[in-house]
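Working notes, beginning with the structure itself.
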Protein chains: 2
Amino acid sequence: MAGNTSVPGATVVSRSLALLFAFDDAHRRLTLSELARRAGLPLPTAHRLVGELVAGGALVRRAGGEYVVARRLWQVGLLAPVETGLREIAAPFMNDLHATTRATVHLAVREGTEVLYLERLSGRASVPVVSTVGSRLPLHATGVGKVLLAHAPAEVTTDALARLARVTPYTITRPGRLREQLERIRRDGYATTVEEMTLGACSVAVPVTAGERVVAALGIVVPSLKRDRGRLVAALQVAARGIGRSFAG
Amino acid sequence: MAGNTSVPGATVVSRSLALLFAFDDAHRRLTLSELARRAGLPLPTAHRLVGELVAGGALVRRAGGEYVVARRLWQVGLLAPVETGLREIAAPFMNDLHATTRATVHLAVREGTEVLYLERLSGRASVPVVSTVGSRLPLHATGVGKVLLAHAPAEVTTDALARLARVTPYTITRPGRLREQLERIRRDGYATTVEEMTLGACSVAVPVTAGERVVAALGIVVPSLKRDRGRLVAALQVAARGIGRSFAG
DNA sequence: ACGCGCCTTTCACTGAGTGGAAGGACTCTA
DNA sequence: TAGAGTCCTTCCACTCAGTGAAAGGCGCGT
């Protein structure tokens, strides 16, 4: 290299990937300088690399100078084996659940100390839902997250409890309180949230169990839990049992 | 560069992308030499670049030495704006269609002279279906494809008719015959295929029209069309009209 | 034993990649 | 109207990251 200060171990490839991975659910459109900042690259370098990524069909430059992920990368990304079997099996059960509850239905797995959303069926738009397929959220503030956390190895729990970020005024941030809840979730077989991630949204979630292992969490988002919590839990458990059985067999 | 013969205009970025784009629906797992061959790179070069792509989290090396697209790239790919509005609007209509027909339901758009599948709901597994979300197929051999071709600009039609690849013994390969069919499709408002893409699979498809423009095609795949073609066409048209209306408004 | 696929490592060469510096376009605030 | 703040773009001298032929290792079939 020439110029000056260059981060050691920074190859062209790793830099290009840093640029691609600068996009996330909250940043689907980025300007050049945002890209450079988020990827930790000098502006002229980012300028050239982004130009090549556009030429190569990985990014698209939109009117206004904003960059977005290109359709071609969408196609390649869809080839990744992301719990393919589980998702395929879960689809019809999720459809049923969606039909009977008319709520937003989620299928998610744990990835480190975050929930990774695998699948989503949108419900009535009146309930605000932040998660999208492929997005990650903290474990402690969502229904599916708490289920997954309740069934995670001890070191994950310790790790997650160490930093309970506040999202809304109702997010659980006291480790003791959450630990208590996780206990209850294991005992009752389901988790609930009340405006812990999004104001105006409540959720119920249950584990999907294949054999002994918790392989995923199934959840729904509703405006309120006051009325039919029991019915929702029952519907979820039926679906989760169906998925688990099909998945194990 | 050093070594020897290097393709001009081949930067590290473009080569890395060539490696990523070497994956497609028929090649979800590739060995190093396959990757090198498909990307047009010397083996040692591919070896190093692939290593960096793995280190960067874009690819994963599986036991057995095969590479697959990594979860991280899946996440980024999902951020691409691929007819997002259309897909969201179409989802509930597709669900209804799926429930009433129990068939595989497709939503697709045209990309050049190919169909690009945007969304799919799997039906009974007994009917073989080759398309997956994100995959592309030739326009002339699928139901959704023929619909899109029937409503495509003249130059696209000319282009597509020039090379009608045979897929099965029933694929239409005579331009005159296809042109005739396209005429009929425009007149009747729907297209059918009988084992033209996959043996044992038939399909029906209709255009999704917003205002005057055909923005997509909606189709289903069934084992046979002998019995209830009329019912299927009607169900498809209801759904397509619903999508089109919601999309335009 | 030999050949033929795979994958991996080495290494001398050099041009592709680098990024500070400079400049242009545009929008604010003074 | 000047000045300071964004943003993006281009230039260009320096040099090290990238290159790929060659060679070597491993496994398998014959």
Side-chain angles (χ1 to χ4, degrees), chain A residues 1-24 26-70 81, chain B residues 1-24 26-70 81:
Chain A
M1 183 178 320
N4 196 346
T5 335
S6 142
V7 180
T11 63
V12 176
V13 173
S14 71
R15 288 166 172 216
S16 310
L17 291 178
L19 285 167
L20 293 183
F21 294 150
F23 292 89
D24 67 26
H27 303 86
R28 289 164 178 256
R29 307 159 149 237
L30 293 170
T31 64
L32 180 60
S33 6
E34 285 169 335
L35 272 164
R37 217 174 297 139
R38 291 173 67 85
L41 296 177
L43 211 100
T45 304
H47 181 253
R48 184 169 27 82
L49 291 180
V50 167
E52 290 179 22
L53 288 170
V54 170
L59 298 181
V60 171
R61 174 166 195 176
R62 291 201 157 177
E66 280 178 326
Y67 294 90
V68 293
V69 176
Chain B
M1 185 177 321
N4 196 347
T5 335
S6 139
V7 181
T11 64
V12 177
V13 174
S14 71
R15 287 165 172 215
S16 311
L17 292 178
L19 285 167
L20 294 183
F21 295 149
F23 292 89
D24 66 27
H27 303 86
R28 290 166 177 255
R29 308 158 148 238
L30 293 171
T31 65
L32 181 60
S33 6
E34 284 169 335
L35 271 164
R37 216 173 299 137
R38 291 173 66 84
L41 295 177
L43 209 97
T45 302
H47 181 254
R48 183 170 28 82
L49 291 180
V50 167
E52 289 179 22
L53 288 170
V54 170
L59 297 181
V60 171
R61 173 167 195 174
R62 291 204 156 174
E66 281 179 327
Y67 294 90
V68 294
V69 176

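Lettering follows sequence order; numbering is per chain, from 1. For the numbers below, each heavy atom of this structure counts, side chains included, while hydrogens, waters and symmetry mates do not.
- OP1 or OP2 of D:dG18 has not a single side-chain nitrogen or oxygen of B:R48 nearer than 4.0 Å.
- Of the residues near DNA chain D, B:E52 and B:P44, the one whose nearest nucleotide (by heavy atom distance) lies more toward the 5' end is B:E52.
- Rounded to whole angstrom, the span from the CG atom of A:L41 across to the C1' atom of C:dG19 amounts to 11 Å.
- Of the candidate nucleotides C:dG19, D:dT19, D:dG18, D:dG18 has the atom lying nearest to any side-chain atom of A:T11.
- The phosphate of C:dT18 has OP1 or OP2 within less than 4.0 Å of a side-chain N or O from A:R15.
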Under 3.5 Å between N/O atoms: give me all the protein pairs with nucleotides 23-26 of chain D, atom names plus distance.
none

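- Separating the CZ atom in B:F21 from the CZ atom in B:R38 is a distance of 13.0 Å, to the nearest 0.5 Å.
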Tell me which donor-acceptor pairs under 3.5 Å the side chains of residues 40-68 of chain A have, and how far apart each pair is, sequence neighbours excluded?
{"residue": "A:E52", "atom": "OE1", "partner": "B:T11", "partner atom": "OG1", "Å": "3.0"}
{"residue": "A:E66", "atom": "OE1", "partner": "A:R29", "partner atom": "NH1", "Å": "3.0"}

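- Between A:H27 and A:A22, the closest heavy-atom pair is CB-O, 4.4 Å.
- The distance between atom CG of A:L30 and atom C1' of D:dC7, rounded to the nearest whole Å, is 15 Å.
- Residue A:T45 has its side chain nearest to C:dT18 when only D:dG20, D:dG18, C:dT18 are considered.
- Contact between B:L35 and B:L19 at its shortest, heavy atoms only, is CD2-O, 3.5 Å.
- Counting to the nearest Å, the P atom of D:dT6 and the CG atom of A:L35 are 18 Å from each other.
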Which atoms of nucleotides 3-7 of chain C (N or O only) lie under 3.5 Å from a protein N or O atom, and what are those distances?
{"residue": "C:dC6", "atom": "OP1", "partner": "B:R37", "partner atom": "NH2", "Å": "3.2"}
{"residue": "C:dC7", "atom": "OP1", "partner": "B:L32", "partner atom": "N", "Å": "3.1"}
{"residue": "C:dC7", "atom": "OP2", "partner": "B:S33", "partner atom": "N", "Å": "2.9"}
{"residue": "C:dC7", "atom": "OP2", "partner": "B:S33", "partner atom": "OG", "Å": "2.0"}

